Amino acid sequence: MVKQNKKDKVRWRHRHPWIFRGIAIFGVLFLLGLTTISIYIATVIKSVPTVTSQELISDASSNMYDKDGQLIWSSALNKRVYVKSKDIPETYSNLLLATEDQTFYKDAGFSPSGLFNAGLSSIKSAVGKGSARGGSSIEQQLIKLTVFSTSNKDRTVDRKIKEFFLAQQLYHNYSKKQILEFYVNKMSLGEGSYGAQTISETYFGKTLKQLSISQQAIIAGLGQAPSTYNLYSNPKAVQTRRNIILKTGLENKVITKKQYKTAVAESVTKDLQKRHWMENSVTKKILENNAYVTSALEQVSDKGYDLAKTPLQITTALDSKQNAAVKKLADNKKYYQNSAEQSAITITDPKTGNVVAQYGGRHQKTAFSYNRAISTQRSSGSGIKPLLDYGPAIEYFGWATTHALDGTSYTYPGTNLVAQNFDNVSYKSITMQNALRVSANTPAIRTLNTVGSAKASQFLAQVGMAQNNAPAGSQAIGLDVSTEQMATAYGTVSNGGTYHAARYVTSLKFSDNSVKKYEVNSKRAMKASTAFMLTSMMEGVPNTGGTAPSARIDNVHQAMKTGTVGYSASSGFPANANMDVWMNGFTKSTSISMWLGYDEPMKKGHYITDAASAMTNVNLYRDLMVHFSKEKNADNSEWTKPSTVTQLSGTGLTAQYEPNDKVVTLGVKEPEKIDLKKAKIYKTYLSKKISEDTLKIKLEDPSYHKKPEAYKIGSWEQSTQKKLNNVQKKLDKANNGIKAAKETLEGE
């Protein structure tokens with residue numbers, strides 16, 4: 001039998017040699033083709049891109065939120081509100097899968113039945129029977145949306161291979177639950193909305209969880225053709241599509257018959273929001289918080305993040321309610337002379353450094369308008385005196401509030417420039433406390449000379465106002481700063497000398513859902529004794545005898561420092577004209593810095609009168625402080641004297657203090673020489689008299705003192721030398737005591 005079979009086989013092969021050869025050739029070609037295809041696929045797979053979790057999460061836009069989580073800015077017109085798996089309603093998920101991929105939970109990254117049906121539909125389409133349909137699994141669609149173009153012209157064999165391979169990687173590396181979450185958030189669903197949660201809010205102003213079954217069916221049916229089924233443009237088409245989705249859900253037992261009937265009967269336009277309401281809402285929010293958004297984005301950049309490369313969800317310290325209140329007040333025309341006058345405001349919490357609110361200017365109608373609140377292009381005027389002059393004098397030299405200062409006119413060494421006080425008022429001797437309260441200029445200039453540029457620079461740097469060049473000369477009464485810097489620095493004084501850097505950004509959330517929190521950045525900037533004494537001196541400013549008595553608020557303990565900058569007489573502006581007006585004040589819980597002026601201060605008519613700066617502008621500051629003093633968390637109580645301060649005399653506003661932790665420092669620094677040419681530039685805020693070859697410095701507010709009759713030129717130089725001799729004696733005595741103590745210890 002075996003031989004016969006062998007013979008039969010031989011006979012068959014010989015009888016049909018062409019068939020045998022054909023089979024052999026086909027086999028060889030098949031193997032060659034399979035090998036070629038395998039090599040080709042292997043080559044294609046080598047160029048498959050890497051897909052990260054961050055790309056799958058696809059939070060491509062950056063967004064910014066206030067402290068309560070309200071959206072105040074978005075980086076793109078496209079909206080994307082990410083929804084976690086636990087917050088996706090089961091009914092919606094089931095309706096979506098019943099519509100797009102019924103075998104999702106059974107398949108290993110691709111749908112065999114889907115591919116078969118897609119192939120069959122393509123054949124029918126080719127012969128004119130129906131249209132081709134896709135057969136991609138959820139994994140394949142997710143890869144397509146994440147990595148590849150969705151355009152038909154880009155559907156190549158190479159891309160299909162890569163798509164299939166990456167879909168397999170998804171299947172093996174992520175759970176089905178996670179893959180579905182990625183997909184639900186990835187879909188482009190029209191109206192510039194990406195993800196089901198986003199389109200849910202765009203259409204209905206609600207989250208997916210809050211939608212009715214009818215509304216969930218509308219969202220579930222959008223994926224295939226979001227433009228065709230746009231609820232604003234084609235409500236009838238949407239109704240037809242929704243009913244198909246509901247019918248499919250009923251057939252697949254996703255919903256009950258009762259739920260089906262209720263959903264079908266519901267109008268598709270129920271709860272439909274006004275078109276573009278989200279964009280309009282966000283745009284409105286950006287305009288309301290324009291300055292704050294600008295500053296927060298700058299802080300994000302300072303932290304080393306490029307939003308073009310790293311999408312972020314930014315949480316800030318902004319109190320939208322308070323910011324709106326500030327804007328409402330600052331926009332009110334009653335506080336200004338005319339529509340051209342501008343203002344800028346920064347308000348911080350001294351205890352945390354949080355920037356609570358910020359106002360960048362009037363008449364801002366476009367996002368990212370110029371933010372004057374962080375601009376350092378305008379001089380502080382006398383507002384800098386406590387920080388640049390008197391603060392360092394207390395901190396490094398132990399001056400008491402009663403420290404006597406020369407308030408006579410002052411000639412800058414090597415020049416014919418003469419600095420004077422407002423209305424040429426001269427003080428043969430004035431205490432440091434009174435010099436600050438009436439904002440006398442010449443005592444401040446001499447104080448800076450005594451302190452020295454190095455110490456003054458050190459003090460400023462400690463409160464967040466580091467300078468490229470050491471301040472000297474006329475800068476004692478005016479330094480280019482921003483309202484942000486001033487509010488933060490004065491907040492440090494309010495906080496007992498503990499500095500908190502201005503904080504806009506409280507946390508950053510990355511696309512992988514990791515969060516980086518930014519805690520309060522704190523340090524000791526000055527001694528508690530210095531902070532308390534500066535505060536006590538400035539408490540007299542918003543009271544009788546100070547430069548802003550109309551800023552007084554009953555039952556609110558506040559400290560304050562004003563500042564104004566005048567014009568030169570030769571400029572053609574009136575004698576009562578001011579270029580810049582500042583109001584800086586604080587309580588224990590609020591620090592406010594406010595600037596007013598014009599963007600073009602040298603333009604005719606662009607000045608603020610003395611009367612306006614003393615009343616109208618002060619009223620805006622006062623109303624802001626009144627508002628914040630009424631908040632439930634406001635602390636309007638008096639500051640407590642630290643043990644490192646000795647009360648010398650008086651009570652309340654008349655009290656005089658001295659630090660008992662003072663440091664004796666030798667030396668009185670000679671006044672800095674200033675460049676006469678530079679001094680003539682208006683930024684130095686010196687003004688030339690027409691009748692004399694001298695310059696005077698303008699004080700910001702009306703005078704409260706007459707010029708003393710007993711005044712002799714040169715009395716300051718004599719007094720200074722006498723004080724220097726006394727300091728030297730004290731220092732010698734201290735050194736002798738230290739030497740004796742050292743010898744005693746060594747002897748023991």
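This structure is a prediction, so every number in the text was calculated from the model and none was measured.
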Can you confirm whether [X] sits close enough to [Y] that some side-chain heavy atom of one is under 4.5 Å from a side-chain heavy atom of the other?
X: Met625; Y: Thr587; value: yes
X: Asp107; Y: Tyr171; value: no
X: Phe204; Y: Ile219; value: yes
X: Ser295; Y: Asn371; value: yes
X: Val83; Y: Asn185; value: yes
X: Asn94; Y: Asn252; value: no
X: Thr506; Y: Lys517; value: no
X: Ile345; Y: Leu329; value: no

Check the side chains of [Y] and [X] for a donor-acceptor pair under 3.5 angstrom, ignoring hydrogens and angles.
X: Ser375; Y: Tyr370; value: yes
X: Glu100; Y: Tyr183; value: yes
X: Ser267; Y: Thr269; value: yes
X: Glu191; Y: Asn230; value: yes
X: Glu181; Y: Tyr82; value: yes
X: Ser193; Y: Thr198; value: no
X: Arg503; Y: Thr352; value: no
X: Asn289; Y: Asn323; value: yes
X: Gln322; Y: His627; value: yes
X: Gln358; Y: Tyr504; value: yes
X: Lys588; Y: Ser637; value: yes

When rounded to the nearest 0.5 angstrom, what is the spacing between [atom1] in [X] and [atom2] in [Y]?
X: Phe510; Y: Lys516; atom1: CZ; atom2: NZ; answer: 6.5 Å
X: Lys365; Y: Asn290; atom1: NZ; atom2: CG; answer: 14.0 Å
X: Thr228; Y: Asn234; atom1: OG1; atom2: CG; answer: 7.0 Å
X: Arg242; Y: Gln239; atom1: CZ; atom2: CD; answer: 5.5 Å
X: Leu96; Y: Thr248; atom1: CG; atom2: OG1; answer: 12.0 Å
X: Arg275; Y: Tyr232; atom1: CZ; atom2: OH; answer: 7.5 Å

Given Asp271, Leu211, Leu189, Leu222, the one that forms side chain to side chain contact (heavy atoms under 4.5 Å, CB included) with Tyr203: Leu222

Would you say [X]'s side chain and [Y]'s backbone share a donor-acceptor pair under 3.5 angstrom?
X: Arg241; Y: Gly221; value: yes
X: Gln259; Y: Thr256; value: yes
X: Ser200; Y: Lys206; value: yes
X: Ser591; Y: Ala487; value: yes
X: Asn636; Y: Ser629; value: yes
X: Gln140; Y: Ser137; value: yes
X: Thr316; Y: Val505; value: no
X: Gln273; Y: Thr202; value: no
X: Glu288; Y: Ile72; value: no
X: Asp66; Y: Asp68; value: yes

Under the side-chain contact (heavy atoms from CB on, under 4.5 Å) rule, what do Leu624 and Val326 come out as? Steps first, then yes or no, please. CA-CA 7 Å; Leu624 286 168; Val326 171; 4.1 Å; yes

Might you point out which heavy atoms bring [X] and [Y] nearest each other, and give the distance in Å?
X: Ala373; Y: Ser482; answer: O-CB, 3.6 Å
X: Leu307; Y: Ser62; answer: CD2-OG, 3.6 Å
X: Gly190; Y: Ile199; answer: O-CD1, 3.6 Å
X: Thr488; Y: Thr348; answer: OG1-CG2, 4.3 Å
X: Glu266; Y: Ser212; answer: OE2-OG, 2.8 Å
X: Val520; Y: His500; answer: CG1-ND1, 3.2 Å

Determine whether Asp87 and Thr207 satisfy the following criterion, side-chain contact (heavy atoms from CB on, under 4.5 Å), listing intermediate values before the conclusion. CA-CA 9 Å; Asp87 295 319; Thr207 64; over 6 Å; no

Would Asp635 and Lys351 pass as an ion pair if we require N to O under 4.0 Å?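 Yes.
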
Looking at Glu139 and Lys176, does any basic side-chain N land under 4.0 Å from a carboxylate oxygen?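 Yes, charged N to carboxylate O under 4.0 Å.
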
Run the side-chain contact (heavy atoms from CB on, under 4.5 Å) test on Gln210 and Gln215 for me, step by step, so that the C-alpha distance in whole Å, both residues' side-chain angles and the decisive distance to 0.1 Å come before the verdict. CA-CA 9 Å; Gln210 297 171 322; Gln215 291 166 340; over 6 Å; no

Worked check of side-chain contact (heavy atoms from CB on, under 4.5 Å) between Lys303 and Tyr518: CA-CA 10 Å; Lys303 294 181 184 298; Tyr518 291 93; 3.3 Å; yes

Between Tyr359 and Thr483, is a side chain to side chain donor-acceptor pair (under 3.5 Å) present by the stated rule, with each step listed? CA-CA 10 Å; Tyr359 182 80; Thr483 63; over 6 Å; no

Does Lys177, at its NZ atom, have more than 12 non-hydrogen atoms belonging to other residues, nucleotides or ligands within less than 6.0 Å?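 Check fails, neighbour count at 12 or below.
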
